[in-house]
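Here is the structure we will look at, set down as structure tokens.
These numbers come from the heavy atoms of this one structure, side chains and all, not from hydrogens, waters or symmetry mates.
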Amino acid sequence: MKRIMLATALVAGLAGTASAENIGVSMALFDDNFLTVLRNGIRDIAKDMDGVDVQIEDAQNDVAKQLNQINNFIASGVDAIIVNPVDTSATQAMTNAAEAAGVPLVFVNREPVNVDTLPDGQAFVASDERESGTLETIEICDQLAAAGKSEANVYVMMGELSNQAAVQRTADIHDVIDAGKCAVTLNIIDEQTANWMRDEAQDLMTNWLTAGQPFDAVISNNDEMAIGAIQAMKASGISMDDVVIGGIDATQDALLAMAAGELDVTVFQDAAGQGSGALDAALKLARGEEVEKKVYVPFQLVTSENMSEFTQSN
């Protein structure tokens, strides 16, 4: 499976397009920090290309709305479609609609349930989620060990349960524990979803704090929930020096929290790289060129030691 990184060569290689090409893009929702960077990555790369137009729509976290957008793109005669799925278990219908119409389709960021059976003319561009939660959890274990812990109690915050990334990132945590890759004995007190959202995570963390169970770390499926957990802990007077908090995405807000000594671990997911990779794949498929079925953009661990390398990224 091909692995790519965003590069200047991508723009140079695509900018010379002679004929007009229209790409329809359906995003799960606009109101998400990471997905905003991804969406802007698609838009900004397209701006630098001659004859490439992108129409980006907000599905507002509604599966039916997203399927309607895809059907409307097909009816309007777009050359290809990019989809960031609302529900990764509902992607077969999107595949079927695009395949029946002969329109190339690229899923981005969130792995479709039918990823291993995608027909010709369809692809998936993202980062390998088996890396994300693994990098996060091992680093949290190492930091707990460095703090003198031999055993630690942790809470786990999950993303939307209908989302493959949330399922895999949570599975990564358990895999690290089960495979003996954690430097300490890790005990999961509870794991619940906060649906990727900061405010829901703050409420969930407040509920956990009310229960009064001692804990050493919070492992979150994304940065937004980690920040929500931090806000709840700060409101309760808990010192960030006493706990280890981890997230995923390396958003700008997360890096600010890390610079403030509040967030300890995050994992860089190249949103702009995924966006440009999805547009690259869509244009190639529209031109009849071959594209790998799975195109992976690597994750990278981010801590206070190397965070300066990522301040201009997401």
Side-chain angles (χ1 to χ4, degrees), residues 28-38 60-61 132-133 135-137 139-141 143-144 147 149 152-161 163 165-166 169-170 172-173 186-269 271 301-308 310-314:
L29 72 166
F30 282 8
D31 188 20
D32 179 280
N33 285 351
F34 178 82
L35 295 182
T36 296
V37 179
L38 192 155
Q60 299 177 335
N61 235 19
S132 59
L135 288 170
E136 176 193 19
T137 305
E139 177 61 24
I140 287 175
C141 289
Q143 291 195 20
L144 288 167
K149 303 282 186 181
N153 296 326
V154 303
Y155 284 115
V156 174
M157 286 191 170
M158 299 182 289
E160 292 176 356
L161 301 183
N163 190 297
R169 291 176 186 182
T170 304
D172 293 340
I173 300 167
L186 214 58
N187 304 313
I188 296 176
I189 306 169
D190 193 13
E191 54 182 34
Q192 292 189 37
T193 181
N195 294 309
W196 304 120
M197 305 301 290
R198 186 181 303 194
D199 56 348
E200 291 191 35
Q202 185 170 359
D203 291 341
L204 175 58
M205 192 73 234
T206 299
N207 291 338
W208 280 336
L209 292 172
T210 301
Q213 175 74 38
F215 67 99
D216 304 288
V218 176
I219 307 177
S220 171
N221 282 173
N222 78 338
D223 289 336
E224 281 294 287
M225 294 188 296
I227 292 170
I230 289 168
Q231 290 173 336
M233 284 184 276
K234 289 171 66 177
S236 297
I238 295 175
S239 171
M240 293 299 99
D241 294 333
D242 296 334
V243 290
V244 177
I245 311 298
I248 294 172
D249 288 336
T251 62
Q252 290 300 303
D253 284 353
L255 295 178
L256 288 173
M258 184 170 284
E262 298 168 351
L263 183 70
D264 301 286
V265 180
T266 186
V267 180
F268 174 61
Q269 182 176 194
L301 180 67
V302 182
T303 65
S304 58
E305 283 74 24
N306 69 342
M307 61 168 289
S308 60
F310 300 91
T311 53
Q312 301 301 316
S313 298
N314 276 348

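Under the 3.5 Å distance criterion, with hydrogens and angles disregarded, a donor-acceptor pair is assigned to the side chains of E160 and N61. A donor atom on one side chain and an acceptor atom on the other are found under 3.5 Å apart for D223 and T266.
A parallel orientation is assigned to the rings of W208 and Y155, their planes being inclined by less than 30° (bins at 30° and 60°).
Considering I188, T137, I245 as possible partners of I219, the one that fulfils the side chain to side chain contact (heavy atoms under 4.5 Å, CB included) test is T137.
The main-chain N or O of I238 is never found under 3.5 Å from a side-chain atom of S236 such that the two would form a donor-acceptor pair. The backbone N or O of T311 sits less than 3.5 Å from a side-chain atom of Q252, completing a donor-acceptor pair. For E224 (side chain) and M197 (main-chain N/O), no donor-acceptor pair under 3.5 Å exists by modelled atom type. Distance alone, capped at 3.5 Å, is enough to place a donor-acceptor pair between the N163 side chain and the A165 backbone. With hydrogens and angles disregarded, no donor-acceptor distance shorter than 3.5 Å links the side chain of T303 to the backbone of V265. Listed for the N207 side chain is no donor-acceptor partner under 3.5 Å among the backbone atoms of L204. A donor-acceptor pair under 3.5 Å is absent between the side-chain atoms of N153 and the main chain of D216, judged by distance alone.
Within the 4.5 Å cutoff, side-chain heavy atoms of V302 are placed close to those of L255. Using a 4.5 Å cut-off on side-chain heavy atoms (C-beta onward), L144 and L186 make contact.
If you take CG on D249 and OG on S132, they are separated by 9.0 Å, rounding to the nearest 0.5 Å. The line from CE of M157 to CD of E200 is 10.5 Å long, rounded to the nearest 0.5 Å. Distance check, rounded to the nearest 0.5 Å: CD of E139 to CG of D264 gives 9.0 Å. From M205, atom CE reaches atom CD1 of I230 across 10.5 Å, with rounding to the nearest 0.5 Å.
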- Apply side-chain contact (heavy atoms from CB on, under 4.5 Å) to the pair K149 and V244, showing each step before the final yes or no. CA-CA 11 Å; K149 303 282 186 181; V244 177; over 6 Å; no
- Verdict with supporting geometry, V218 and V243, side-chain contact (heavy atoms from CB on, under 4.5 Å): CA-CA 8 Å; V218 176; V243 290; over 6 Å; no
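The existence of a salt bridge linking K234 and E262 is confirmed by a sub-4.0 Å separation between a basic side-chain nitrogen and an acidic carboxylate oxygen.
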